[in-house]
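Sequence positions, counted from 1, serve as the residue numbers for this chain.
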Amino acid sequence: KRFKILRLMSQDIKFRCHRELPNDYKMNAITISKENNKYYVSFSITYNKTVSLISKDNLDIKKAVGIDLNINDIALSDNTLIKTHSKDISKIKYDKKFLRLQKKQSRRVLKAKKIKVKLGSNFKKTQNKLNKIYEKSKNKKLDKYNKITSELANRFDLIVVEDLNNKNMTRRAKLKNVKQKSGLNKSILNTSFYQLIQQLNYKTMLNGKLFVKVPPQYTSKTCSKCG
């Protein structure tokens with residue numbers, strides 16, 4: 001059932017279908033892309049879906065939650081911690097074997113530029129190995145974040161997050177604690193706060209839920225009224 005047949009340019013193309021298309025949909029565009037020697041087909045469609053919109057008037061406050069994004073966990077305002085496992089997932093990219101292959105590729109590029117020759121087949125083979133490692137890490141994180149955001153979008157009617165600016169958060173330290181700041185920047189980029197927020201945004205919108213971004217200033221302080 002996972003495999004379907006796509007009729008394109010008078011040819012039958014067999015592809016693996018990740019999800020069923022909804023009934024009475026209208027096809028807008030078909031995009032075929034290539035990544036790491038793999039081909040992907042994406043469908044842009046229009047369809048009608050009936051959802052019950054949540055507003056301020058019919059919002060159940062018990063189904064509202066605030067989210068604090070951290071490197072290791074996602075902290076919810078109901079005192080729940082959700083593990084992101086971002087460090088474990090990204091660890092493979094900083095493995096000695098991966099770094100050794102990267103250095104080998106850099107040396108090959110410099111040598112090819114110096115003697116003005118094209119990169120050989122060994123370079124392509126090594127690059128394919130690196131791409132596979134990177135792709136595996138990326139897919140693991142994407143799958144993990146999809147599961148987390150889907151669960152949150154189904155559980156809550158209102159989700160509030162900090163409007164974080166990754167560019168400001170990952171600025172280089174100028175004088176002091178340069179090494180520590182570099183490690184923190186790497187961890188922030190590996191966690192991909194922006195990707196998580198984007199997924200929450202479109203999943204809440206798709207289900208008629210409310211999604212709000214608030215300025216991050218003073219959000220870690222305890223409220224003087226509600227505690």
Using atom types as modelled and distance alone, determine if a side-chain donor or acceptor of [X] lies under 3.5 Å from a backbone N or O of [Y].
X: Asn146; Y: Leu142; result: yes
X: Asp73; Y: Ala75; result: no
X: Asn58; Y: Ser55; result: yes
X: Ser77; Y: Gly66; result: yes
X: Ser106; Y: Gln102; result: yes

Can you check whether [X] reaches [Y] side chain to side chain, under 4.5 Å on heavy atoms?
X: Glu151; Y: Lys147; value: no
X: Met27; Y: Thr46; value: no
X: Leu158; Y: Lys63; value: no
X: Ile74; Y: Leu196; value: yes
X: Asn37; Y: Asn128; value: yes
X: Lys203; Y: Leu152; value: no
X: Gln105; Y: Arg100; value: no
X: Ile45; Y: Pro22; value: yes

ILVMFWY cluster, Tyr202 and Val212 together (side-chain gap under 4.5 Å):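 In one cluster with Tyr202: Val212, no.
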Is there a path from Phe98 to Val109 through hydrophobic residues (I, L, V, M, F, W, Y) whose side chains come within less than 4.5 Å of each other? no
Does the distance from a Lys or Arg side-chain N to an Asp or Glu carboxylate O, for Lys138 and Glu35, drop under 4.0 Å? yes
Does this structure show an ion pair linking Asp78 with Arg155, if we count only N-O contacts that are shorter than 4.0 Å? yes
Just do the side-chain contact (heavy atoms from CB on, under 4.5 Å) check on Ile67 and Ile159 with the steps written out, would you? CA-CA 7 Å; Ile67 296 177; Ile159 298 177; 3.5 Å; yes
Go through it in stages, so that I can follow the logic: the residues are Thr204 and Phe156, the test is side-chain contact (heavy atoms from CB on, under 4.5 Å), and I'd like the CA-CA distance, side-chain angles, deciding distance and then a yes or no. CA-CA 9 Å; Thr204 49; Phe156 300 104; over 6 Å; no
Heavy-atom pair of closest approach, residues [X] and [Y]:
X: Glu162; Y: Asp68; result: OE1-OD1, 3.0 Å
X: Phe193; Y: Ile71; result: CZ-N, 4.3 Å
X: Asn154; Y: Lys209; result: O-NZ, 3.7 Å
X: Gln195; Y: Tyr145; result: OE1-CD2, 3.5 Å
X: Arg108; Y: Asn122; result: NH1-O, 3.2 Å

Thr50: partners by side chain to side chain contact (heavy atoms under 4.5 Å, CB included), with sequence neighbours left out: none
Between Lys124 and Leu119, is a side-chain contact (heavy atoms from CB on, under 4.5 Å) present by the stated rule, with each step listed? CA-CA 8 Å; Lys124 292 179 181 178; Leu119 294 165; over 6 Å; no
Glu135 vs Lys38, side-chain contact (heavy atoms from CB on, under 4.5 Å): CA-CA, chis, key distance, verdict: CA-CA 11 Å; Glu135 185 186 22; Lys38 294 179 182 178; 3.7 Å; yes
Lys213: which residues meet the salt bridge (Lys or Arg N to Asp or Glu O under 4.0 Å) condition with it, sequence neighbours left out? none
Heavy-atom neighbours of Lys144 NZ exceed 12 at 6.0 Å: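 Enclosed.
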Counting only heavy atoms not in Asn48, do more than 12 sit closer than 6.0 Å to its CG atom?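 Not more than 12 within 6.0 Å, no.
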Once rounded to the nearest 0.5 Å, what's the spacing between atom NZ of Lys83 and atom CG of Asn70?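 Here the interatomic distance stands at 10.5 Å.
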Donor-acceptor pair between Ser192 and Lys141 side chains, under 3.5 angstrom: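 Result is yes, a qualifying pair exists.
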ring-ring contact (aromatic ring centres under 6.0 Å, His included) contacts touching residues 20-49 (sequence neighbours left out):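 Found Phe15-Phe43.
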